[in-house]
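Okay, so here's the structure we're looking at.
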Amino acid sequence: MITLSLPSPAKFIPPSSKSRRIRNPDFEALKDTLIRQANGGNLKQAISTLDQISQMGFNPDLTSYTVLLKSCIRTRNFQIGQLLHSKLNDSPIQPDTIVLNSLISLYSKMGSWETAEKIFESMGEKRDLVSWSAMISCYAHCGMELESVFTFYDMVEFGEYPNQFCFSAVIQACCSAELGWVGLAIFGFAIKTGYFESDVCVGCALIDLFAKGFSDLRSAKKVFDRMPERNLVTWTLMITRFSQLGASKDAVRLFLEMVSEGFVPDRFTFSGVLSACAEPGLSALGRQLHGGVIKSRLSADVCVGCSLVDMYAKSTMDGSMDDSRKVFDRMADHNVMSWTAIITGYVQRGHYDMEAIKLYCRMIDGLVKPNHFTFSSLLKACGNLSNPAIGEQIYNHAVKLGLASVNCVANSLISMYAKSGRMEEARKAFELLFEKNLASYNIIVDGCSKSLDSAEAFELFSHIDSEVGVDAFTFASLLSGAASVGAVGKGEQIHSRVLKAGIQSSQSVCNALISMYSRCGFAKHGFAHRAVELFNQMLEDGIKPNEVTYIAVLSACSHVGLVDEGWKYFDSMSIDHGITPRMEHYACMVDLLGRSGSLEKAVQFIKSLPLNVDALVWRTLLGACQVHGNLQLGKYASEMILEQEPNDPAAHEAGCSWMEAENSVHKFYVGDTKHPKAKEIYEKLNKVALKIKEIGYVPNTDLVLHEVEDEQKEQYLFQHSEKIALAFGLISTSKQKPIRIFKNLRVCGDCHNAMKFISVAEGREIIIRDSNRFHHIKDGLCSCNDYW
DNA sequence: CTAGGGTTAG
């Protein structure tokens, strides 16, 4: 038997018609052109070459698609990337692993995790380590950290062995307070497998883990110092994280060190150091660096532009968005991030919520797809709008884009409901939340605190404490809740928990503590002093005060009449800490002077300021005039308010009060007789008036600004909306529960006084939220200690 | 094709 050693049959198969075509010189030439164009970033031309190939009757091969997709990812040209995807779907070509991986990466960078996931799931056998890594990274970047971690574990279980890219992606997903420990465990795993922190990629992830997950800049710096290879990216990462965690000066120091070592800052480095310059006191350097950006020909860059937009939004002295907007308008190109940066700027500045919504409309008109960050900011803006339909509409957009389940979007929705007083809806959204993180809990605790449901807030607190652990935000919310209802005892309890938890060095907790003692100082004299002591302690401990700190400490000074201290702190605020006073600080000073009776000095102070004060400051003066019965100055203050806000109800006295009862809101205007129970309400009001006069109430007719007889003035006083609302509350609610009234203006002085008497005469607890603050009235005393 | 830097709710 002779065995013929023949080549395997496959080799005898004549070249197929397909491969014959590939050798076609026209096709080869076009393919070369296409690759050249794609690699050079001329994607539009490359696409038309691709079309030309098809028109000639050839099928473009996989290589063409691969090269084109790579280029789309590199240049972030998502539109063409999507176009390629649909062309590929229409063609008979079966995409291979590399092309599918590229598509996952493309959709990941676009923020379209749903499409990326679909491709990943359809891959089956074709999945490789890169596909897994791309998917893990996709979830991490789209705000779905848990999904990212689960996918990592799935992969390990599947038998795939992670490499440095994979470790880096999953550790990135763990860079939060909630998942930090998971990150550490995975890092331990990485060490075991031999991927030490010495790998630049894993090293960067580790820096992030310490910085973002544990807010531990010292450890982050240690990793950085130990890295055998430091490049521009690692320097930039350090600068950016230091800046993000508020260590702005260190960020600037690192930047200078980097430059002195010979590294040339690129767009990302500028971006990081510019963000640090948003801090008060560094704005001059910020402007200088803006010059550096222009010199480096980076001013047209979107990335640098984003940081400039952000920097000017946060640091411009007069609180306007003009400089920020100028940078935005001058940018050559806009992407999601630049749109999000300007929208966020407007939202954070406050009072610009409609402008933020308008910008969003322009953004989607321009076919830029919003991401989870965009919706996060937008929903925050919607919480301040009076029209709830806008918020619902925006949320529906998020649902359509598959972003509603992303944690920060869902949390913002809860926050939107809570802020607009819709606590029932907030709770519902919270219950529906699949993945509750610490922020979700904190938002709901804050909402409960602000809606004066401190009992529920505390209940939640103990629940969170045992479930996920509490943080500075939780404490800050509870402290402000305690302060709102004047629950001094609770406030002190939380203070001791703060000390136990060892987070007394957190700026937001310090602010909340000072503010709590300051606000409770009304009820107990010593507390305002404690607020001032805490503030001094804070400075001694080297904790940076911010604008909020000064509002709290200045009002504490005001409450106890520490005029000299008040001046001292007011001056050192800008001199020592570079904080430009805002209207709120001016209002505190006017309050301080007005409260101590120096009304004329308060007016002098206002006139000495380098700018025109707004209605808030004049309203404060008006309040002081009412307390001290200075009619003339009061009228002047009213005129000034009207000049700034012609429709301001305070100056027109178009007061309106409302309260919730029997599941609906009852609204009352001055002298209102429209309510179905009006007759009973006025009967009750008359009875109560007699009752409280017996125990010492004297109507304060000085507060009536109309020129009429005294008896008529008294009648006017008893037509005030808050008194009508209260009478309604007395006849329609259970005696065990406090009566909760809301008023669009400040509560009138006489009504405030009458309510204290009524709380005794009727044995009721009354909580009134006016335009300025909460008044918690019980047993003849108010948490505001008679100053409103 | 997968990593590292800009936008982030409280």
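Letters A, B, ... are given to chains in the order of the sequence lines, protein chains preceding strands, and every chain is numbered from 1. Because the structure is predicted, anything quoted here is derived from the model rather than measured.
Distance, A:Leu232 CG to B:dG4 C1': 11 Å, rounded to whole Å. Rounding to whole angstrom units, OH of residue A:Tyr107 and P of B:dT2 are separated by 16 Å. When the P atom of B:dT8 is taken as reference, atom CD of A:Glu145 falls 15 Å away, rounded to whole Å. Distance, A:Ile171 CD1 to B:dG4 C1': 13 Å, rounded to whole Å. Atom CG of A:Leu289 and atom P of B:dG6 are 17 Å apart (whole Å). We find that CG of A:Asn101 is positioned 7 Å from C1' of B:dT2, with the value rounded to whole Å. One can place CG of A:Asn442 at 11 Å from P of B:dG10, the figure rounded to the nearest angstrom. Taking atom CZ on A:Arg267 and atom P on B:dT7, their separation rounds to 14 Å, with Å as the unit.
Nearest nucleotide to the A:Ser415 side chain, out of B:dG10, B:dT7, B:dT8: B:dG10. If you check B:dG6, B:dA3, B:dG10 against the side chain of A:Asp471, the one that comes closest is B:dG10. Checking B:dG10, B:dT7, B:dG4 against the side-chain heavy atoms of A:Thr344 singles out B:dT7 as nearest. For A:Ser133, taking side-chain heavy atoms from C-beta onward, the closest of the listed nucleotides B:dG5, B:dG4, B:dT2 is B:dT2. The side chain of A:Phe373 approaches B:dT7 more closely than any other nucleotide in the set B:dG6, B:dG4, B:dT7. The nucleotide whose nearest atom lies closest to any side-chain atom of A:Arg76 is, among B:dG6, B:dG5, B:dT8, B:dG6. Set against B:dG5, B:dG10, B:dG6, the side chain of A:Gln244 has B:dG6 as its closest nucleotide. Closest to the side chain of A:Met337, out of B:dT7, B:dG5, B:dT2, is B:dT7. In the set B:dA9, B:dG5, B:dT2, B:dA9 carries the atom at the smallest distance from any side-chain atom of A:Asn437. In the set B:dG10, B:dA9, B:dT8, B:dA9 carries the atom at the smallest distance from any side-chain atom of A:Ser412.
Phosphate contact (OP1/OP2 of B:dG10, side-chain N/O of A:Lys380, threshold under 4.0 Å): present. Distances shown here put a side-chain N or O of A:Arg241 below 4.0 Å from the OP1 or OP2 atom of B:dG6. Between A:His141 and the phosphate of B:dG4, there is a side-chain N or O to OP1/OP2 separation shorter than 4.0 Å. Within the structure, a side-chain polar atom (N or O) of A:Lys109 is placed less than 4.0 Å from OP1 or OP2 of B:dT2. OP1 or OP2 of B:dG4 has at least one side-chain nitrogen or oxygen of A:Ser168 nearer than 4.0 Å. Contact check, A:Ser137 against B:dT2: no side-chain N or O comes under 4.0 Å of OP1 or OP2.
Counting atom types as modelled, A:Asp266 pairs a side-chain N or O with a base atom of B:dG5 as donor and acceptor under 3.5 Å.
Here the shortest heavy-atom pairing between A:Val252 and A:Ala276 reads CG2-CB, 4.5 Å.
A:Arg497 has a carboxylate O that lies under 4.0 Å from a charged side-chain N of A:Asp465, or vice versa, which qualifies the two as a salt bridge. Between A:Asp208 and A:Arg241 there is a salt bridge, since a side-chain N of the basic residue sits under 4.0 Å from a carboxylate O of the acidic one. A salt bridge between A:Arg349 and A:Glu355 is absent, with no side-chain N of the basic residue lying under 4.0 Å from a carboxylate O of the acidic one.
A:Leu433 CG to A:Asn411 CG: the interatomic distance, rounded to the nearest 0.5 Å, is 6.0 Å.
Taking the 5.5 Å centre cut-off and the 30° plane limit, the aromatic side chain of A:Phe165 is not classed as stacked on B:dA3.
A donor-acceptor distance shorter than 3.5 angstrom exists from the side chain of A:Asp471 to the backbone of A:Thr474, with no hydrogens or angles considered.
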